[in-house]
Engineer: 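Please read through the structure below; I'll follow up with questions.
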Amino acid sequence: MKYLHLIWAALFRRKGRTFLTLVSIITAFLLFGLLDAVRVGFDQAGKSANGAQRLQTGARLSFIQLLPMSLGARIAQIDGVKDVAFANWFGGAYQKPENQVFSFAVSPNYLDVYPEMDVSAEHRKAFAETKDGVLVGEGLAKKFGWKVGDQIPMQSTIFPDRNGSQNWPFKIAGLIKVPDKKSGAFYDQMLLLNWKYFDDTTPWNQGQVGWYVTRVKDVNQADRVLKAIDEISANSDHETRTQTEQAAMSSWMRQLADINLIVTSIMGAVFFTLLLLAGNTMMQAVRERTGEIAVLKTLGFSGGSVLAMVLAESVLLLLIGGGVGLLLASVIGPAVSAGSGGALNLPAAGLTSWLVGGGLALLFGLLVGAFPALRAMRVNITDALAGRA
């Protein structure tokens, strides 16, 4: 520690270069923190269901496999179940395929399972009585300029009608209001259509459902209810997997892509670039100070002391940048989660993330400082002072 002032002075000898390098390191570790939060969020989603108000039951094999209608009545008989609703994917797009809309065909009691969605009695009645009626979130209606009573042309990117057409005309029967925008932003952008109209119109459904949503009476009994639901169809041709809604979303994403592989690949590319950048910075810094290093050796500093000082400089650079990056990730991650209205779950960096991040910063500091430190240790005093080193 007695040489800390020398190490600090050497590190900030070229303030502009050091600042730009720090920005790069901070950015790399900020990405590491956020991507690690994504990984942790997916992992946490598969843990205990206790505390969850709703459970989602889908096919065990794949989320695109349909389930029999009869399963709903059996789920409703389980002790601890309050309500059971069901839904199907619709895959709607407005006017052109790029305008994707979160759209589902839902059972008549679907809104009873989601008290977060506020729909007036008048609009509920209109939705139930209008065969091709839909409910749309206020945010979605505002986005496309829709109002109650409008006829809207939708395209299903998944299901054609019985004539083979992908075009589905709907009438807006009501609006979905979301009092809590922070946790319910997803519902604000949703479109719901009547399941019976969907089932009657497309030949591809035939009385089956995409998934069931179960509302439990006691959130502390959710794990028990979850297991009881899956036991109903155990060893059948339609085995189910019941999870919390967050875990179900994570499971869908994992079936579409290997999240861990994506995160690892991105971070590998980022850190490889970081090693090249930080290594170049340290090489330039030591090359510019060759004469100063020779003076230190003339004053009695051993080669080992010089080696340790250069390595300490490199490690300090990475630790400062890594620490700031992880700190920013701890602030930005939860802020993004809060702003997403519950669509994203990015927890603050935990102890494991800090330990892994700190270990990587230390390792990278040693790696990028190793060659410059060895070069500084081997500097010949006479050649360096003569400008030949």
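Every value quoted in this text rests on a predicted model; they were computed, and no experiment measured them.
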Engineer: Once the angle between the rings of Phe271 and Phe32 is folded into 0 to 90°, is it parallel (under 30°), tilted (30 to 60°) or perpendicular (over 60°)?
Structural biologist: tilted
Engineer: Just by distance, do the side chain of Ser120 and the backbone of His123 share a donor-acceptor pair under 3.5 Å?
Structural biologist: yes
Engineer: Would you give the length of the straight line joining atom OG1 of Thr240 to atom CG of Leu61, rounded to the nearest 0.5 angstrom?
Structural biologist: 12.5 Å
Engineer: So, Asp83 versus Asn109: side-chain donor-acceptor pair below 3.5 Å or not?
Structural biologist: no
Engineer: Is a side-chain donor or acceptor of Thr157 paired with a backbone partner of Gly91 at a separation under 3.5 angstrom?
Structural biologist: yes
Engineer: Take atom CD of Glu122 as the centre, draw a 6.0 Å sphere, and report whether it contains more than 12 heavy atoms from other residues, nucleotides or ligands.
Structural biologist: no
Engineer: Salt-bridge test for Lys143 and Glu138: reply yes if a basic N is under 4.0 Å from a carboxylate O, no otherwise.
Structural biologist: no
Engineer: Answer yes or no: is there a side-chain heavy-atom contact under 4.5 Å between Val119 and Lys177?
Structural biologist: no
Engineer: Check this for me: does any side-chain nitrogen of one of Lys227 and Glu231 sit under 4.0 Å from a carboxylate oxygen of the other?
Structural biologist: no
Engineer: When you measure from the side chain of Asp218 to the backbone of Asn220, do you find a donor-acceptor pair of N or O atoms at a distance under 3.5 Å?
Structural biologist: yes
Engineer: Please work out whether the ring planes of Trp89 and Phe104 are parallel, tilted or perpendicular, with thresholds of 30° and 60°.
Structural biologist: tilted
Engineer: State whether a side-chain donor-acceptor pair under 3.5 Å links Arg224 with Gln221.
Structural biologist: yes
Engineer: Tell me which donor-acceptor pairs under 3.5 Å the side chains of residues 20-28 have, and how far apart each pair is, sequence neighbours excluded?
Structural biologist:
unit_1, atom_1, unit_2, atom_2, d
Thr21, OG1, Arg17, O, 2.9
Thr21, OG1, Thr281, OG1, 3.0
Ser24, OG, Leu20, O, 3.2
Thr27, OG1, Val23, O, 2.8

Engineer: Could you work out, with salt bridge (Lys or Arg N to Asp or Glu O under 4.0 Å) as the rule, every residue matching Asp161, not counting sequence neighbours?
Structural biologist: none
Engineer: Only pairs at least two apart or in different chains count here, so list each side-chain hydrogen bond (donor to acceptor under 3.5 Å, both in side chains) that has a residue in residues 64-82.
Structural biologist: none
Engineer: Salt-bridged, Asp199 to Lys196, with N to O below 4.0 Å?
Structural biologist: no
Engineer: If we count only N and O atoms by modelled type, under 3.5 Å, do the side chains of Ser305 and Ser302 hold a donor and an acceptor together?
Structural biologist: yes
Engineer: Pick one: which of Phe102, Trp168, Tyr197, Phe159 meets ring pair (Phe, Tyr, Trp, His ring centres under 6.0 Å) with Phe90?
Structural biologist: Trp168
Engineer: Between Glu239 (side chain) and Asn235 (backbone), is there a donor-acceptor pair under 3.5 Å?
Structural biologist: yes
